Amino acid sequence: MLSKKLRYLRYGLGMIFASLLLAGCSSERPSILLPVSPKANAEANLFLIIFWISVAVFVIVEAALFYSVIRFRGKNAEDVPPQIHGSVPLEIAWTTAPALVLVVVFVLTWQTLQATAAPPLDSMPVLVTGNQFWWKFDYLDQQVSTANELHLPVGRPVRLLLETKDVIHSFWVPQLGGKMDLIAGHQNVLWLQADKAGEYHGQCAELCGASHANMRTKVIAESQVNFDAWIQSQKTPSTTPTNPALVKGRDLFLGNACIGCHMIRGTTAAGAVGPDLTHVASRSTIAAGLLENTSANMARWIDNPPAIKPGVLMPKLNLSQDDITSIVAYLQSLK
Amino acid sequence: MATHTASLSQPQYSTGGLSAWLTTVDHKMIGILYLLGAGFFLLVGGLEALLIRTQLIRPENTFLVGETYNQVLTMHGTTMVFLVIMPMLAGMGNYIVPLMLGARDMAFPRLNAFGVWMFLLGGIFLNLSFILGGAPAAGWFSYTPLSNTPFSPGTGIDFWIFGINMFGISSISASVNFVVTILNMRAPGLTLNRLPIFVWTTLTTAFLLLFALPSIAIATILLYLDRNLGMNFYRASGGGDPLIWQHLFWFFGHPEVYVMILPAMGIVSEILPVFSRKPLFGYTAVAYSSVAIGFLGFTVWAHHMFAVGLPPLINAAFAFSSMLIAIPTAIKIFNWTATLWGGNIQLRPPLLYAVGFIALFIIGGLTGIYLAVVPIDYQITDTYFVVGHLHYVLFGGSLIAIFGGIHYWFPKMTGRMMDERLGHWQFWLLFLGALLAFIPMLIVGVEGMPRRVYTYGAGLGWDIYNLLSTLGAYMIAVSVLVFLYNFFFSLFRGKPAGDDPWDGHTLEWATTSPPAVYNFEVVPVVKSRRPVWDMKYSSDHHPRRLDGVQPEAAHNLQDVHIHLPPPSWWPLVLSVGIMIMAFGFVFNWIIILVGLVVFLWGVSGWIQQDVNAPQAPAGHGG
């Protein structure tokens, strides 16, 4: 009953926020008030309760303040009002009142914390490794590795094991719940569960260097059937090209510095510094969610990565436009 | 008030000229140096804010990107905390606290001068990093490993480390001085229970700094050793732990928030009664709640770290202590409102700022509760919600109170009134600007926008909030321009103020505007919390104005010998020595030796200077 009311109230609040979006309706709002997981839902409900409590306090206190100023505004600066020094009953009253409100707030905090803290035992583990400035996802049970786009089966709890290769990052997909930091020497655990199929925006929430703003991620929640199919396709090695244009692209890739950092399973490219590109064409974005995965964007990216993503480790290799076009053609064949 | 008495010894040093300022040990000149220095850095930090907001005015903007953006971001935060709000409050404390106490100066005049030089030279030192290899870019909180090598290879972080420590030395010097002065140099009858609230909050702040600063000093020195001597205090690969930095930093960093807000609350607690023509409501509750906030401030640091993976029980404990702070804060707000209630309210600029402070600080306080509620904090920590929250505390709170304090005490410091019409204009631009700039930040944080990002994608629904926020920032900039015009116009052309233009309550209004170098011709005797009100009004429930009452003197005028310390170059020499050493630590260790020589020369001169001759008449102990 309560949760149903809360849903209406939250809907109302969401509408207030949405109506403030003068630029028009945006379907991709990564708002914490549009939760699609049990945890994010609990957090949004708690947010809502605190929101209305604080609105009530705000209105009462501001009204008292402005009423006092307007009501008692004096004309004659010489007049001396009654000299009141204080009141013990009032002090007791306005010490007790906020204390009582805070007891309620703390109990709610404790309850929500308890209800959302521990991951369910049957959750699926995924190792998340933060890198300046991209995410590596290893599906431990399925032996699949990918980058920046996290596929999840709808309705199944997932346990993210958070580690970092370098500085502190923070994994956050607002609609799936609160964030957790990735800290060297600590393995943190964050559990998620997407209850609705869809794509959810996320990004790094801890300042991690020049391209902190460009370290984005996307959660793709899909049915178990689609998820299983995706896992199967990711497990296969890369396709070996036969088309001479693609063969040329592959040879260029394998003959250049690319292989120092990138892996393409089924070839000699076995680098482990940058994202695994075995199925790069199956991803919807490149450069950690920064660019749509099109041939034009990929060519622009390979031509000069630091121009798009300041501080990125991938250097400008001074490849000719022809070579870039061939490499892109090859990479785009890696479905 | 009265004409000068022949028995008073006049100051031996001139009151004008560059060398008078460089060698001053007078708390009022030092206070003005603090305020002017902080005012200059306010313009620097404000310009940085405008650069940030201009970059964020629309998605995927390319005005200020990547590392450069992070430098400006880091310097905006560091500047506003250490070079604007803290020295503004320290400057006001320096000028006003001895006057409120009925004292002739601070307890340690040369230490006082040393404090202001460490602040000014530290500020110059840190800002020189922009042209000497790049400013620090790891945020004002400089989390390791980002602030460590190899992720921050240049000299920026080393500049930051030694800048912070120069400010730390400045603040520790000032804090020792405030504690000793407030506890030992009160006028007869001025018991602790009669101290003006601004003095109470300054005292609490001084203790906070004395206990909090060692933590950041240690944290930064260990970081320096990690960076430059290959140690591994914070490197997980070498057996260290990056989280130690966060604990040490926030053990300083959260009390630091109260350092920035408590004296601002003190200013407001002085202004409200005077312009309501009533005493402060619930003096004891307001004074003790400040002290309570001071104590509790040391128990909440880990609420900045809810998302680092501490156990839920630890997080809940810190949530509890953080929520506790809301109680003394609420007590203050209620008592301030009750002070206005039933008053004869004079809506002049200082009161406008004081009321504006309360109105905006309420938003800062209430949004703080969201951050103490752990499950909500998991969502909104490190988002623009926090940026909005902290600006309602530090901008809507501290800075607006500081502007109120400037409007309130400008007549005392200069002998002239600030223009009231311009004061109203500035206030409304500032107040509405603060709403326009920071409310959208609260919303866009809830909408999922992380903080410290130099750009954001279009189509996430964040564009309009960022645009509004930027317009608010420009509005605040206009308000500051109005203030600057008013300040300089009033400095030269303002109406003469007289000694007591606001019909004040506390002792600073019992002397001339500006006060003579010795502050008071006679040390007044204090009989209540409102000594100057007592001189003017009868003490019944409906007071009448009395005429021609002079303050009761603590001494027979014939016996008055005012001891004034002589000016001194040594605090400046000492500070320059430390600054040179700081350059040495950043660039080349040989330079440290040069700085050490200057420093030791300063120490030797300082301890050998005869401060009792020739100003003090024989037989006076000082």
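In the text below, chain A, chain B and the rest are named by the order of the sequence lines, each starting its count at 1. Everything quoted here is computed from the prediction, not taken from an experiment.
Highest contact tally toward chain B, considering only A/Ala210, A/Pro310, A/Gly289, is held by A/Ala210 [criterion: heavy-atom pairs under 4.5 Å]. The choice from A/Gly202, A/Ser87, A/Ala97 that makes the most heavy-atom pairs within less than 4.5 Å of chain B is A/Ser87. Considering only heavy-atom pairs separated by less than 4.5 Å from chain B, the leading option among A/Thr116, A/Leu190, A/Val105 is A/Val105. Per-residue heavy-atom pair counts under 4.5 Å with chain B were compared for A/Leu290, A/Val101, A/Ile183, A/Thr112, and the maximum is reached by A/Ile183. Interface check for chain B: of the options A/Pro174, A/Gly185, A/Gly311, A/Ser211, the most heavy-atom pairs under 4.5 Å are formed by A/Pro174. Chosen from A/Gly74, A/Ala64, A/Ala42, A/Ala205, the residue pairing most often with chain B at heavy-atom distances under 4.5 Å is A/Gly74.
With contacts defined as side-chain heavy-atom distances shorter than 4.5 Å, the pair B/Phe151/A/Asp166 qualifies. The shortest distance between side-chain heavy atoms of A/Gln83 and B/Arg277 does not fall below 4.5 Å. By the 4.5 Å heavy-atom criterion applied to side chains, B/Asn70 and A/His212 are not counted as neighbours. Between B/Gln379 and A/Leu46 the shortest side-chain heavy-atom distance does not fall below 4.5 Å.
From A/Glu43, atom CD reaches atom CD1 of B/Ile376 across 8.5 Å, with rounding to the nearest 0.5 Å. Here the straight-line distance linking atom OH of B/Tyr378 with atom CE of A/Met180 works out to 5.5 Å at 0.5 Å rounding.
Interface residue B/Ala137: only backbone heavy atoms are found under 4.5 Å from chain A. Neither the backbone nor the side chain of B/Phe275 comes within contact range of chain A; no heavy atom of the residue lies under 4.5 Å from a heavy atom of that chain. For B/Trp533, the part sitting under 4.5 Å from any heavy atom of chain A is the side chain, from C-beta outward, and nothing else. Proximity to chain B (any heavy atom under 4.5 Å) is restricted, for A/Glu91, to the side chain, taken from C-beta onward. For A/Arg71, no part lies near chain B; criterion is any non-hydrogen pair under 4.5 Å. Only the side chain of B/Thr383 comes within contact range of chain A, with heavy atoms under 4.5 Å apart. Both the backbone and the side chain of B/Phe334 come within contact range of chain A, each with at least one heavy atom under 4.5 Å from a heavy atom of that chain. Of the atoms belonging to A/Lys75, it is backbone heavy atoms, and not side-chain ones, that fall under 4.5 Å from chain B. With a threshold of 4.5 angstrom between heavy atoms, A/His85 approaches chain B through its backbone and through its side chain. With a 4.5 Å cut-off on non-hydrogen atoms, B/Phe141 touches chain A through its side chain but not through its backbone. Contact of B/Asp503 with chain A is not made at all, since no heavy-atom distance falls under 4.5 Å. If you measure heavy-atom distances from B/Phe320 to chain A, the contacts under 4.5 Å come from both the backbone and the side chain. Using a 4.5 Å cut-off between heavy atoms, A/Ala184 touches chain B through backbone and side chain atoms alike. With a threshold of 4.5 angstrom between heavy atoms, B/Ile380 approaches chain A through its backbone and through its side chain. Only the backbone of B/Arg451 comes within contact range of chain A, with at least one heavy atom under 4.5 Å from a heavy atom of that chain. Contact annotation for B/Leu146: both backbone and side-chain heavy atoms come within less than 4.5 Å of a heavy atom of chain A. Interface residue B/Thr144: only backbone heavy atoms are found under 4.5 Å from chain A. Neither the backbone nor the side chain of B/Arg348 comes within contact range of chain A, judged by heavy atoms closer than 4.5 Å.
At most 12 non-hydrogen atoms from other residues, nucleotides or ligands lie less than 6.0 angstrom from CD of A/Glu292.
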